[in-house]
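Taking it in order: structure first as structure tokens, then the write-up.
All ligand and atom numbering here is 1-based and tracks the order in the structure.
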Amino acid sequence: MERLDKVLANAMVGSRKEVVKLIRAGAVHINGTALTDPSAKINPHEASITVNGVPVFYKEHYHIMLNKPQGYICATEDLREKTVLDLLPEDSVPKHKLFPAGRLDKDTEGFVFLTTDGKLAHRITGPKNHVNKKYYVEVDKPLHAEWAADFRNGITIDDGYQCKSAFFEMLSETACHLTIFEGKFHQVKRMFEALGCTVTFLKRVQIGSVLLDSSLQSGNFRELSEAEIALLEIVPEEYL
Ligand code: URA
């Protein structure tokens with residue numbers, strides 16, 4: 001059971017202050033009866049809720065796929081830099097509760113998963129959970145097909161850390177896909193540095209079994225479906 005004002009604020013009916021006003025004014029009906037006490041407890045999963053006669057569909061959490069452009073950092077606030085939250089509008093998503101699950105560098109593009117659900121974020125980014133993240137990578141020097149074995153065996157990066165097994169698929173002389181299962185600072189760039197080349201373009205294209213929606217323009221976002229939310233944690237068979 002949850003407080004009525006909290007449920008309505010979570011459902012994006014308005015700010016906590018605004019929904020309290022609506023409730024006190026008798027605009028909110030629960031199962032057909034006006035409830036005027038903002039602290040009244042309801043079961044948001046079962047109650048039929050209307051505000052001024054309009055049904056409200058309750059959502060406990062919000063989950064968003066963002067196609068991040070370069071120039072934005074993965075943080076919720078920053079004094080100098082633009083953050084991924086600057087790309088979201090105020091009115092349709094609870095911006096103040098969303099945070100990026102995992103980070104992309106300022107100059108990396110692509111799939112950022114933003115959520116209000118800390119537990120889910122942890123399952124996707126936690127180092128013990130090994131959820132795959134796939135990147136499209138361009139480098140400044142020719143790639144070599146034999147590197148697939150080096151990536152599989154674990155590349156040792158500059159600080160001596162031996163990365164976990166990764167999947168390398170060459171797409172052209174200087175472009176490839178790389179799938180990793182962990183998220184050390186600048187990891188993909190450092191893995192290629194260890195092989196003597198510099199990453200010139202980096203874009204995350206997949207998390208778990210969910211591909212970045214190709215119809216999402218850079219800087220745009222959409223909510224994930226229930227099915228996609230479940231698939232975020234599922235490592236595709238090809239990597240097992
Ligand atoms: N690896 C990197 O080097 N940078 C990113 O943004 C993501 C993975």
Donor-acceptor side-chain pairing of Thr179 and Tyr239 below 3.5 angstrom: yes

Test of proximity, Arg190 against ligand 1: N or O pairs below 3.5 Å: no

Ligand 1-proximal atoms of Val199, by part, heavy-atom distance under 4.0 Å: neither

Lys203 charged N/C atom sitting above Tyr136 aromatic ring, 6.0 Å / 45°: no

Per-atom contacts of ligand 1 with Tyr135, taking only distances under 4.0 Å to non-hydrogen atoms: 7 (C), 8 (C)

Structural part of Thr108 in contact with ligand 1, heavy atom criterion under 4.0 angstrom: side chain

Protein heavy atom at shortest distance from atom 1 (N) of ligand 1: Val188 N, 3.1 Å

pair Glu60-Pro44: side-chain heavy atoms closer than 4.5 Å: no

Residue pair Val137 / Phe201, side-chain heavy-atom distance below 4.5 Å: no

Within 45° cone and under 6.0 Å: Lys184 NZ/CZ vs Tyr161 ring: yes

Polar contact flag for Leu202 and ligand 1 (N/O pairs, less than 3.5 Å): no

Non-hydrogen side-chain atoms of Val51 and Leu22 separated by less than 4.5 Å: yes

Atom 4 (N) of ligand 1: the protein heavy-atom neighbour that sits closest, reported with distance to 0.1 Å: Asp105 OD2, 2.7 Å

Test of proximity, Arg103 against ligand 1: N or O pairs below 3.5 Å: no

